[in-house]
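Notes to accompany the following structure.
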Amino acid sequence: MRYATEDEGARVAAVLAEAARRMAALRGAPPFRVCAVTGPAPEPAWFAEGHRRDDVWQRITVRHGRLGQDEAGVWVTSAVRDAEPVSLAESLRLERDGYPRADEDPSAREAGAGRMSRAEVVVDGAPRAADVLTEGTWWAARIEAVTDAGTDADADADAESVMVTVVGHHVPIGQVRLATVTDLGPYIDAREAELARLRT
């Protein structure tokens with residue numbers, strides 16, 4: 001067995017401390033408009049992941065439901081200033097199949113028999129048009145031009161556009177209602193509880 005050196009241990013401790021600092025900084029009001037499901041949805045609702053670029057948050061995903069391939073769930077990703085947006089198909093497959101391994105060609109993954117359609121998703125009480133991709137029991141919907149003010153992006157040139165992507169599994173899209181998150185603290189607490197459950 002190889003034991004970590006003192007320098008390696010210090011680096012790991014520094015990385016963990018920085019991650020904890022970033023998560024602590026997210027408690028309270030989100031850095032941009034973040035949406036989550038309101039009303040009936042799988043539990044728990046927790047902070048699943050976030051992406052930063054140049055020390056600025058770009059994407060935050062709230063997951064509704066427990067980890068597990070066959071578990072019902074809804075993933076809501078809010079993205080702003082996203083330099084690396086992914087397609088609806090890729091969004092669906094990332095949640096269904098996980099991220100590709102370093103030695104895996106993502107294009108080699110089975111595309112599936114997807115069907116595109118349009119639907120309405122309610123956001124803060126207002127119906128909004130969404131593109132929807134359905135593959136079996138999975139679906140992905142994207143609502144573009146949702147701004148911090150909740151209006152269409154082209155209505156205010158200075159408003160910042162937020163792209164909301166919702167992926168669902170064993171949850172009908174018709175029952176999904178989204179609302180703006182005012183405090184990420186409960187979602188971060190639920191994340192810690194979910195990860196602790198997996199460690200037991």
Side-chain angles (χ1 to χ4, degrees), residues 18-39 41 44-65 73-96 98-100 106 116 118-133 138-168 171 173 176-192:
E18 177 61 15
R21 183 192 67 78
R22 290 177 177 178
M23 292 299 287
L26 278 176
R27 291 184 178 276
F32 55 87
R33 187 181 188 186
V34 174
C35 292
V37 178
T38 181
W46 52 287
F47 182 102
E49 64 178 333
H51 174 75
R52 292 157 57 97
R53 185 183 181 93
D54 297 329
D55 209 36
V56 176
W57 289 99
Q58 288 186 310
R59 286 196 301 272
I60 290 176
T61 299
V62 173
R63 176 169 178 166
H64 298 262
V74 180
W75 296 254
V76 184
T77 299
S78 304
V80 65
R81 302 179 297 274
D82 195 348
E84 300 174 351
V86 297
S87 66
L88 266 182
E90 186 63 15
S91 294
L92 186 154
R93 287 163 205 145
L94 284 173
E95 305 302 356
R96 184 188 65 193
Y99 285 87
M116 290 297 302
R118 294 280 285 176
E120 285 189 341
V121 176
V122 174
V123 182
D124 289 330
R128 302 189 63 88
D131 293 318
V132 182
L133 171 68
W138 290 79
W139 55 265
R142 177 158 292 158
I143 309 153
E144 296 192 53
V146 178
T147 70
D148 287 336
T151 58
D152 291 335
D154 56 6
D156 183 352
D158 296 325
E160 188 164 50
S161 177
V162 179
M163 180 187 301
V164 180
T165 304
V166 188
V167 177
V171 176
I173 189 174
V176 173
R177 303 287 186 273
L178 302 180
T180 299
V181 172
T182 58
D183 183 0
L184 282 171
Y187 298 94
I188 294 173
D189 291 339
R191 170 193 175 88
E192 294 170 356

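As the structure is a prediction and not an experimental result, all values here were calculated from the model.
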So, does [X] use its side chain to make a donor-acceptor pair with the main chain of [Y] at under 3.5 Å?
| X | Y | answer |
| --- | --- | --- |
| Arg63 | Gly73 | no |
| Asp183 | Gly185 | yes |
| Thr38 | Leu178 | no |
| Trp75 | Ser91 | no |

Close side-chain approach of [X] and [Y], heavy atoms under 4.5 Å:
| X | Y | value |
| --- | --- | --- |
| Trp139 | Val167 | no |
| Arg128 | Glu120 | no |
| Asp189 | Arg27 | yes |
| Val37 | His64 | yes |
| Leu92 | Leu94 | no |

### Query
Do Arg59 and Thr77 have a side chain donor and acceptor closer than 3.5 Å?
no
For [X] and [Y], which heavy atoms make the closest approach, and how far apart are they?
| X | Y | result |
| --- | --- | --- |
| Arg191 | Ala48 | NH1-O, 2.9 Å |
| Ala130 | Val121 | CB-CG2, 4.1 Å |
| Val132 | Ala119 | CG2-CB, 3.8 Å |
| Val164 | Ser78 | CG2-OG, 4.3 Å |
| Val162 | Arg33 | CG1-O, 3.6 Å |
| Phe32 | Ala79 | CE1-N, 4.3 Å |

### Task
Give a yes or no on whether a salt bridge exists between Arg96 and Glu90, defined as a side-chain N under 4.0 angstrom from a carboxylate O.
no
### Query
Is the shortest distance from a Lys or Arg side-chain nitrogen in Arg177 or Asp124 to a carboxylate oxygen in the other one below 4.0 Å?
no
#### Entry: Given Val34, Thr61, Val181, Leu26, the one that forms side-chain contact (heavy atoms from CB on, under 4.5 Å) with Phe47
Leu26
Nearest 0.5 Å, what's the [atom1]-[atom2] distance between [X] and [Y]?
| X | Y | atom1 | atom2 | result |
| --- | --- | --- | --- | --- |
| Leu184 | Ile60 | CG | CD1 | 5.5 Å |
| His51 | Gln58 | NE2 | CD | 4.5 Å |
| Met116 | Leu88 | CE | CG | 5.5 Å |

